[in-house]
Undergrad: 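Below you will find the structure I want to go over with you.
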Amino acid sequence: MKVAVFSTKSYDKEFLNNVKGDQNLVYYEAQLNADTVNLTQGFDAVCIFVNDRCDADIIGKLKQNGIRFITLRCAGFNNVDLQAAKEAGIKVARVPAYSPEAVAEHAVALIMTLNRKTHKAYLRIKENNYSLERLTGFNIHGKTIGVIGTGHIGQAFIRIMKGFGTRIVAYDPYPTDLVREMGVEYTDMETLLSESDIISLHCPLTKENHHLINSDSIAKMKDNVMLINTSRGGLLDTKATIKGLKTQKIGYLGIDVYEQEEHLFYQDLSEEIIEDDTIARLMSFPNVIMTAHQGFFTKEALTEIALVTMANLCAFEDGKESGNEIN
Ligand code: NAI
């Protein structure tokens, strides 16, 4: 099949080329959006990533251009209008769980960096500043960790955090015995918010949970709470979060995702004037760490993404189901 692969970086090409077989992959660095959708003329399928746009208008144009299949190189699919794709007769598949550990371990990296301030210590020591002033951390051992979403990544995160000797409380509309057997207490959201020292988001972004963390939920949290978001930017009301940081309700913020990330992430903008004042304000806090959606970014995950993407394409080409279809 002829496949237009959008938002490709050198590492995407490297890992996809290793496994592409007979598939004819054409790589575009550009995101899929209203300006680039015409590049898909003459293709059978598109392969997209987290910030490619697949709303109803774009899906309409994909259909006109003859696209029959959309395959995502990621687990989350909030950027695709599944209903519109179904109505257009376009099948959509994803990579459901390429490496839950990759994202869970990144969430832990954010926690430990914010806590023990290793990023600041590194810079200090580079300048022969061996002072410990203002580097005080806290023991994770004995703390209560609130996990929102106990699917693949939530469970991998729980396994690691259990090792620290923590109490884990969790909220998920679909609680499972498997997670209970890990020693996790399912609670309602209010209890989770009010009892957790660290809250980590591991649920998908849906229309219903947009701004799940807002001024009301922040008000219910413990003072000086640590908030970690490696899921999707839209789960967090960024303006309310900034207010929470200013009032010192939120003591630490670690995010791998950002509401407006599609305009910023995966690009080198170091010589550009950033017009997004919200991200500039966020970056001004000493207790905020942001990474640019790199939770997935391990060799193991990239290998798995490439393999499953190829399996999805081959299954579609053969008129079979890979099991990763979502519409
Ligand atoms: P999953 O589908 O295995 O688990 C998601 C869990 O969230 C399910 O148990 C579901 O019942 C629960 N859930 C749904 N709505 C909820 C709500 N409103 N409140 C609490 N729980 C809710 O998904 P997985 O693989 O664990 O991934 C979770 C999310 O992580 C993805 O949807 C994606 O947004 C994000 N992600 C981020 C990556 C990164 O690089 N930062 C990479 C991969 C995924």
Undergrad: Are Val95 and Tyr266 linked, directly or through other ILVMFWY residues, by side chains that come within less than 4.5 angstrom of each other?
TA: yes
Undergrad: Would you call Val108 and Phe164 a side-chain contact if the rule is heavy atoms closer than 4.5 Å?
TA: yes
Undergrad: Check whether any side-chain heavy atom of Ile145 sits under 4.5 Å from a side-chain heavy atom of Phe157, and report yes or no.
TA: yes
Undergrad: Any side-chain to backbone donor/acceptor pair from Ser196 onto Ile199? Under 3.5 Å, distance only.
TA: no
Undergrad: Could you pull out the closest heavy-atom pair between Ala93 and Asn312, with the gap in Å?
TA: CB-ND2, 3.8 Å
Undergrad: Linking I/L/V/M/F/W/Y whenever any side-chain heavy atoms sit under 4.5 Å apart, do Leu62 and Phe77 land together?
TA: yes
Undergrad: Short question: side chain of Glu259, backbone of Thr238 - any donor-acceptor pair under 3.5 Å?
TA: yes
Undergrad: Which heavy atom of His210 sits nearest to which heavy atom of Leu205, and what is that distance?
TA: CA-CD1, 3.9 Å
Undergrad: Applying the 4.5 Å side-chain criterion to the ILVMFWY set and letting contacts propagate, would Leu39 and Leu32 be lumped into a single cluster?
TA: yes
Undergrad: Counting N and O atoms only, with roles assigned by atom type, does the side chain of Asp237 sit under 3.5 Å from a partner on the main chain of Lys239, one being a donor and the other an acceptor?
TA: yes
Undergrad: For His202 and Thr150, test the side chains for any donor-to-acceptor distance below 3.5 angstrom and give the result as yes or no.
TA: no
Undergrad: Are any side-chain N or O atoms of Asn79 and backbone N or O atoms of Asp52, one a donor and one an acceptor, separated by less than 3.5 Å?
TA: yes
Undergrad: Could you state whether Ile250 and Met290 fall into the same hydrophobic cluster, counting links through intermediate Ile, Leu, Val, Met, Phe, Trp or Tyr residues with side-chain heavy atoms under 4.5 angstrom apart?
TA: yes
Undergrad: Looking only at non-hydrogen atoms, find the nearest pair between Ala56 and Asp81 and report the distance.
TA: CB-OD2, 3.9 Å
Undergrad: Under the criterion side chain to side chain contact (heavy atoms under 4.5 Å, CB included), I'd like the reasoning laid out for Leu16 against Leu25: C-alpha separation, chi angles, the key distance, then a yes or no.
TA: CA-CA 9 Å; Leu16 286 169; Leu25 307 184; 4.1 Å; yes
Undergrad: Once rounded to the nearest 0.5 Å, what's the spacing between atom CG of Leu227 and atom CD1 of Ile218?
TA: 7.0 Å
Undergrad: Locate the shortest heavy-atom distance separating Ala170 from Val184; write the atom from each residue and the value.
TA: CB-CG1, 3.6 Å
Undergrad: Heavy-atom count around Arg53 CZ within 6.0 Å, excluding the residue itself: above 12?
TA: no
Undergrad: Any chance you could lay out the side-chain hydrogen bond (donor to acceptor under 3.5 Å, both in side chains) test for Asn209 and Thr206, step after step, and finish with the verdict?
TA: CA-CA 5 Å; Asn209 68 13; Thr206 61; 3.2 Å; yes
Undergrad: Taking atom types as modelled and ignoring hydrogens, do the side chains of Thr278 and Arg281 form a donor-acceptor contact shorter than 3.5 angstrom?
TA: no
Undergrad: Over 60° means perpendicular and under 30° means parallel, so tell me whether Phe43 and Tyr28 are parallel, tilted or perpendicular.
TA: perpendicular
Undergrad: Report, as yes or no, whether the 6.0 Å neighbourhood of atom CG on Asp22 holds more than 12 heavy atoms from other residues, nucleotides or ligands.
TA: no
Undergrad: Would you please test Tyr27 and Phe6 for ring pair (Phe, Tyr, Trp, His ring centres under 6.0 Å) and show each step?
TA: CA-CA 6 Å; Tyr27 295 109; Phe6 284 89; over 10 Å; no
Undergrad: I'd like to know if the side chain of Glu317 pairs up with that of Gln23 as donor and acceptor (distance under 3.5 Å, no hydrogens or angles considered).
TA: yes
Undergrad: Between atom CG of Leu236 and atom CD1 of Ile242, what is the distance when rounded to the nearest 0.5 Å?
TA: 10.0 Å
Undergrad: One thing to verify: whether Asp44 and Arg68 come together as a salt bridge, which I'm taking to mean a side-chain N less than 4.0 angstrom from a carboxylate O.
TA: yes
Undergrad: Side chain to side chain contact (heavy atoms under 4.5 Å, CB included) for Ser217 and Met189? Distances and angles first, verdict last.
TA: CA-CA 9 Å; Ser217 41; Met189 185 65 98; over 6 Å; no
Undergrad: Could you walk me through whether Arg167 and Glu185 satisfy the salt bridge (Lys or Arg N to Asp or Glu O under 4.0 Å) test, starting with their C-alpha distance in whole Å, then the side-chain angles of each, then the deciding distance to 0.1 Å, before giving a yes or no?
TA: CA-CA 8 Å; Arg167 171 186 173 228; Glu185 301 163 43; 3.0 Å; yes
Undergrad: Contact between Tyr130 and Arg124 at the side-chain level, heavy atoms closer than 4.5 Å - yes or no?
TA: no
Undergrad: Between the side chain of Thr8 and the main-chain N/O of Lys13, is any donor-acceptor distance below 3.5 Å?
TA: no
Undergrad: Do Phe265 and Phe49 pass the ring pair (Phe, Tyr, Trp, His ring centres under 6.0 Å) test, and can you show the C-alpha distance, the side-chain angles, and the key distance before you say yes or no?
TA: CA-CA 12 Å; Phe265 286 10; Phe49 196 48; over 10 Å; no
Undergrad: For the NZ atom of Lys20 and the SG atom of Cys314, what is their distance to the nearest 0.5 Å?
TA: 12.5 Å
Undergrad: To the nearest 0.5 Å, tell me how far Asn229 CG sits from Leu201 CG.
TA: 4.5 Å
Undergrad: Scan side-chain atoms only and decide if Tyr258 and Asp276 contain a donor-acceptor pair under the 3.5 Å cut-off.
TA: yes
Undergrad: Between Ile198 and Ile140, is any pair of side-chain heavy atoms under 4.5 Å apart?
TA: yes
Undergrad: Counting neighbours of CD on Glu190 that are heavy atoms of other residues, nucleotides or ligands and sit closer than 6.0 Å, is the number greater than 12?
TA: no
Undergrad: Between CG of Leu72 and CD1 of Ile70, what distance do you get to the nearest 0.5 Å?
TA: 7.5 Å
Undergrad: Please answer whether the main-chain N or O of Glu14 pairs with a side-chain N or O of Asn17 as donor and acceptor at a distance below 3.5 Å.
TA: no
Undergrad: Output yes when a side-chain donor or acceptor of Asn214 lies under 3.5 Å from a complementary backbone atom of His211, and no otherwise.
TA: yes
Undergrad: For Cys54 and Ile48, which heavy atoms make the closest approach, and how far apart are they?
TA: SG-CD1, 3.9 Å
Undergrad: Are the side chain of Lys222 and the backbone N or O of Leu193 linked by a donor-acceptor pair below 3.5 Å?
TA: no
Undergrad: Are Leu82 and Ile326 side-chain neighbours, meaning at least one heavy-atom pair lies under 4.5 Å?
TA: yes
Undergrad: Considering only heavy atoms from C-beta outward, does the side chain of Phe15 approach that of Thr303 to under 4.5 Å?
TA: yes
Undergrad: Can a donor-acceptor pair be found, under 3.5 Å and without considering hydrogens, that links the side chain of Gln267 to the backbone of His263?
TA: yes
Undergrad: So Met226 and Asn287, do their side chains get closer than 4.5 Å, heavy atoms only?
TA: no
Undergrad: Does Lys9 have more than 12 heavy atoms from other residues, nucleotides or ligands lying within 6.0 Å of its NZ?
TA: yes
Undergrad: Would you check if there is a donor-acceptor pair between the side chains of Asp188 and Thr191 at a distance under 3.5 Å?
TA: yes
Undergrad: Between Thr166 (side chain only) and Lys143 (backbone N and O only), is there a donor and an acceptor less than 3.5 Å apart?
TA: no
Undergrad: Output, in order, the C-alpha distance, side-chain angles, deciding distance and verdict of side chain to side chain contact (heavy atoms under 4.5 Å, CB included) for Ser99 and Glu304.
TA: CA-CA 8 Å; Ser99 177; Glu304 189 64 15; 5.8 Å; no
Undergrad: So Val179 and Gln155, side chain to side chain contact (heavy atoms under 4.5 Å, CB included) or not? Walk me through it.
TA: CA-CA 7 Å; Val179 171; Gln155 287 172 34; 3.7 Å; yes
Undergrad: May I ask you to test the Thr113-Leu110 pair for a side-chain heavy-atom distance under 4.5 Å?
TA: no
Undergrad: Of all heavy-atom pairs between Gln294 and Asp256, which one has the smallest distance, and what is that distance?
TA: N-OD1, 2.8 Å
Undergrad: Mind checking the OG1-CZ spacing from Thr309 to Arg94? Nearest 0.5 Å is all I need.
TA: 12.5 Å
Undergrad: Is it the case that Asn51 and Glu261 place a side-chain donor and acceptor less than 3.5 Å from each other?
TA: yes
Undergrad: Linking I/L/V/M/F/W/Y whenever any side-chain heavy atoms sit under 4.5 Å apart, do Leu282 and Ile274 land together?
TA: yes
